[in-house]
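The chain is numbered in sequence order, starting from 1. Side-chain atoms are counted along with the backbone in the values below, which use heavy atoms only and exclude waters and symmetry mates.
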Amino acid sequence: MLSQLILHQTQWDEMLRHVMEHAPLEACGLLAGKNDRVEKVILVRNQAQSPVRFVMDPYEQFQAFEWIESHGLELVGIFHSHPTGPQTVSPTDIEEAAYEVVHVVWSHLNGQWKARGFWIESGRAIKIALLISDK
């Protein structure tokens, strides 16, 4: 289990732009890297086109996994948005978590987007730190 996930400011901004552009629908994507450091944000289309649910487009997800593997990286995180809340992982997020990686949930509250990180394992979600680096 990771206790933190380190992202570059440009990666943070890329995720934020993606969730803002797709609101009021949920947006999603993958985070590729090594250990606890993100090296690439991969945007994936939400096939569900829903304000309360995301389902990654299977073709885009497959292409992303191939890209990650071909670049010697690992899947270190999954991100998606909750445009109308909650500010945490939902019961559906916990139930459908298929990978032991950091889950970054973007939520919109009081006119601002915020992101929180979670490790989901054995039906439980544990909050983890998201660290923004300029290096």
**Q** Give a yes or no on whether Ile6 and Met15 share a hydrophobic cluster (residues Ile, Leu, Val, Met, Phe, Trp, Tyr; joining criterion: side-chain heavy atoms under 4.5 Å apart).
**A**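 Ile6 and Met15: separate clusters.
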**Q** Roughly how far apart are Leu7 CG and Ser133 OG, rounded to 0.5 Å?
**A**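 Rounded to the nearest 0.5 Å, the CG-OG separation comes out at 9.5 Å.
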**Q** Testing the basics here: between Met56 and Gln47, what is the closest heavy-atom pair and its distance to 0.1 Å?
**A**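 It is O-OE1, 4.1 Å.
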**Q** Within the side chain of Ser107, is there an N or O that forms a donor-acceptor pair under 3.5 Å with the backbone of His82?
**A**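 Not at all, since once roles are kept as given, no pair shorter than 3.5 Å links the two residues.
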**Q** Could you tell me the separation between the CD atom of Glu39 and the CD1 atom of Ile68, rounded to the nearest 0.5 Å?
**A**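 Those atoms lie 11.0 Å apart.
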**Q** Work out which heavy atom in Val104 is nearest to a heavy atom in Leu31; give both atom names and the distance.
**A**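 So the minimum-distance heavy-atom pair works out to CG2-CD1, 4.1 Å.
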**Q** Looking only at non-hydrogen atoms, find the nearest pair between Ile94 and Ala125 and report the distance.
**A**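 Smallest interatomic distance, heavy atoms only, reads CD1-CB, 4.1 Å.
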**Q** About how many Å separate CD of Glu74 and CG of Asn35, when rounded to the nearest 0.5 Å?
**A**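 With rounding to 0.5 Å, CG (Asn35) is 6.5 Å from CD (Glu74).
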**Q** Keeping Lys34 on the side-chain end and Gly72 on the backbone end, is there a donor-acceptor pair under 3.5 Å?
**A**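 Present.
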**Q** Val89 and Phe118: which non-hydrogen atoms are nearest, and at how many Å?
**A**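 The pair with the smallest heavy-atom distance is CG1-CD1, 3.7 Å.
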**Q** Using a 6.0 Å cut-off, check whether atom OH of Tyr59 has over 12 heavy atoms from anything other than its own residue.
**A**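 No, because the 6.0 Å sphere around OH of Tyr59 holds 12 heavy atoms or fewer from other groups.
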**Q** Identify the residue among Val38, Val101, Leu131 that makes a side-chain contact (heavy atoms from CB on, under 4.5 Å) with Leu5.
**A**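 The passing option is Val38.
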**Q** List the atom of Ser81, the atom of Val19, and the distance in Å for their closest heavy-atom pair.
**A**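 So the minimum-distance heavy-atom pair works out to CB-CG1, 3.7 Å.
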**Q** Treating Ile, Leu, Val, Met, Phe, Trp and Tyr as nodes and any side-chain heavy-atom pair under 4.5 angstrom as an edge, say whether Met20 and Val105 lie in one connected cluster.
**A**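 Per the 4.5 Å side-chain linkage, Met20 and Val105 are not co-clustered.
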**Q** Taking all non-hydrogen atoms of both residues, which atom of Pro83 and which atom of Pro51 are closest, and how far apart?
**A**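 Nearest pair, atom of Pro83 first, then Pro51: CD-O, 3.8 Å.
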**Q** Evaluate the side-chain proximity of Val44 to Phe54: yes if any heavy-atom separation is below 4.5 Å, no if none is.
**A**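 Not in contact.
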**Q** Any idea how His108 and Trp113 line up, ring-wise: parallel (<30°), tilted (30 to 60°), or perpendicular (>60°)?
**A**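 Tilted, since the angle between the ring planes falls between 30° and 60°.
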**Q** Is any side-chain heavy atom of Leu43 closer than 4.5 Å to one of Phe79?
**A**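 A side-chain contact under 4.5 Å exists here.
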**Q** Working to the nearest 0.5 angstrom, can you tell me the gap between Gln9 CD and Ile132 CD1?
**A**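 CD1 of Ile132 is found 6.0 Å from CD of Gln9.
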**Q** Answer yes if Leu109 and Leu130 sit in the same cluster of Ile, Leu, Val, Met, Phe, Trp and Tyr residues linked by side chain heavy atoms under 4.5 Å apart, and no otherwise.
**A**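 Cluster IDs for Leu109 and Leu130 differ.
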**Q** Please determine whether side chain to side chain donor-acceptor pair (under 3.5 Å) holds for the pair Glu26 and Asn46, giving the CA-CA distance in whole Å, both sets of side-chain angles, and the decisive distance to 0.1 Å.
**A** CA-CA 7 Å; Glu26 286 199 11; Asn46 178 2; 5.2 Å; no
**Q** Can you tell me how far apart CH2 (Trp106) and NE2 (His80) are? Round to the nearest 0.5 Å.
**A**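 Output value for this atom pair is 13.0 Å.
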**Q** So, do Trp119 and Glu100 sit near enough that their side-chain heavy atoms are less than 4.5 Å apart?
**A**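 Yes - at least one pair of side-chain heavy atoms lies under 4.5 Å apart.
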**Q** With no hydrogens and no angle check, is any side-chain donor or acceptor of His8 less than 3.5 Å from a backbone partner on Thr10?
**A**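 Side chain of His8 to backbone of Thr10, a donor-acceptor pair under 3.5 Å: yes, one is there.
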**Q** Can you confirm whether Glu14 sits close enough to His18 that some side-chain heavy atom of one is under 4.5 Å from a side-chain heavy atom of the other?
**A**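 No - every pair of side-chain heavy atoms lies 4.5 Å or more apart.
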**Q** With a 6.0 Å cut-off (strictly less than), is the heavy-atom count around CD of Glu69, excluding the residue itself, greater than 12?
**A**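 Open: at most 12 neighbouring heavy atoms sit under 6.0 Å from CD of Glu69.
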**Q** Within this structure, what is the CZ-CD distance for the pair Arg116 and Gln87, rounded to the nearest 0.5 Å?
**A**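 The distance works out to 4.5 Å.
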**Q** Group every Ile, Leu, Val, Met, Phe, Trp and Tyr by side-chain heavy-atom contacts under 4.5 Å, then state whether Leu73 and Phe62 land in the same group.
**A**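 No; Phe62 is not reachable from Leu73 via cluster members.
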**Q** Do Ser90 and Asp93 pair up side chain to side chain, a donor and an acceptor below 3.5 Å, judged on atom types alone?
**A**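 Checked: Ser90/Asp93 side chains pair up, N/O donor to acceptor below 3.5 Å.
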**Q** In terms of hydrophobic clustering (I, L, V, M, F, W, Y; side-chain heavy atoms under 4.5 Å; direct or indirect links), are Val102 and Met1 co-clustered?
**A**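 Hydrophobic grouping puts Val102 with Met1.
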**Q** Does Ile128 reach the side chain of Ser3, with side-chain heavy atoms less than 4.5 Å apart?
**A**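 The answer is no, as the side chains (C-beta and beyond) never meet within the 4.5 Å cut-off.
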